Trainee: 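Here it is, the structure, as structure tokens.
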Amino acid sequence: MRNFDLLSTDFDGTLVGHPSSGQCTNELKEYLKWFTDSGGHWVVNTGRSLEHMLEGLDLFDSPTPPHSLIVNERHLYQRGNDGVYYEVEEWNRPCDKTHEDLWKNTAPLLASLRRFAETHEDMEFVEKDGKPEGIISPSLGLMEEFLRILEEGRREFPDFSYQRNAVYLRFCHREYSKGSALAFLAGKLGISPASTLAAGDNHNDLSMLCPAVARFQVCPDNSVEEVKSRVAAAPRGFVSKLPNAQGTLEGLLNFSGLP
Ligand SMILES: [Mg+2]
């Protein structure tokens, strides 16, 4: 018996350690096989790009592939019968258009963030295809400093938001996140938040670690403090004392009704 039909797992730090071999435990793999065999829908919800995620899945060597992928913390893909992950256009196209507009409308803020990055050695302002992507900071301390500048600038541009994962930060529109993409997928599948479980370890997971998106919430011991306190405060939250895949599995079993 399952208490949830939709399982959203972050990848790095939640299914696999990082840095690591990219493999998770056999026990968690067995669980994922059981979950999908029994009709559950599994989505990996990550900040990785699609290409990087597919590489990760090759190494991960799952006995069963995820049904769906949410990559870049906002783009949704679903697996076809041929094993290929196809874009969910009805979500991704409006998402891309919203971001095109956002980059135009927030050009002064982006220019000031770029200046900050350029004046700090080893901080990288990342662009892809000429579009702003985010920041890679050489340290957590400098990231905190960058965040202060960003938060100040956002007051004038409230639609401008970000997803943070340790020293990585991705710019985004405030309506696009792991959480909103997961909510869209759940709606498409006809699964309610009451039947959804989310597992994650970092700041970019907070948007899906909320009862409006996922009633059941799990985080492993390596999670950042903000994630642990959020999950601990949730009525159906489970904070494990075990790291990575072991901690995630403990939480999944806790809510699964498995013997
Ligand atoms: Mg993570």
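Keep in mind the model is a prediction, meaning the values are calculated, not measured. As the structure lists them, so they are numbered: ligands from 1, and atoms in each ligand from 1. These values consider heavy atoms only, across backbone and side chains, with no hydrogens, waters or symmetry-generated copies.
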Trainee: Check the Mg ion (ligand 1) and write out every protein N, O or S atom at under 2.8 Å, as residue and atom.
Mentor: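 Listed by chain and number, the atoms are Asp10 OD2, Asp12 O, Asp201 OD1.
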Trainee: Ion pair present between Arg170 and Glu73, side-chain N to carboxylate O less than 4.0 angstrom?
Mentor: yes
Trainee: With a 4.0 Å cut-off, would you call Arg154 and Glu151 a salt bridge?
Mentor: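 Yes, Arg154 and Glu151 are salt-bridged.
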Trainee: Can you name the side chain to side chain contact (heavy atoms under 4.5 Å, CB included) partners of Pro94, sequence neighbours left out?
Mentor: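 For Pro94 the side chain to side chain contact (heavy atoms under 4.5 Å, CB included) partners, ignoring immediate neighbours, are Tyr176.
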Trainee: Sequence neighbours excluded, which residues qualify as side chain to side chain contact (heavy atoms under 4.5 Å, CB included) partners of Glu51?
Mentor: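 Scan of Glu51 (side chain to side chain contact (heavy atoms under 4.5 Å, CB included), adjacent residues dropped) gives Ser49, Glu55.
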Trainee: Test of understanding: with side chain to side chain contact (heavy atoms under 4.5 Å, CB included), list the residues that count as partners of Asp159, not counting sequence neighbours.
Mentor: Leu102, His173, Arg174
Trainee: Measuring from Ser180:OG to Glu175:CD, what's the distance to the nearest 0.5 Å?
Mentor: 8.0 Å
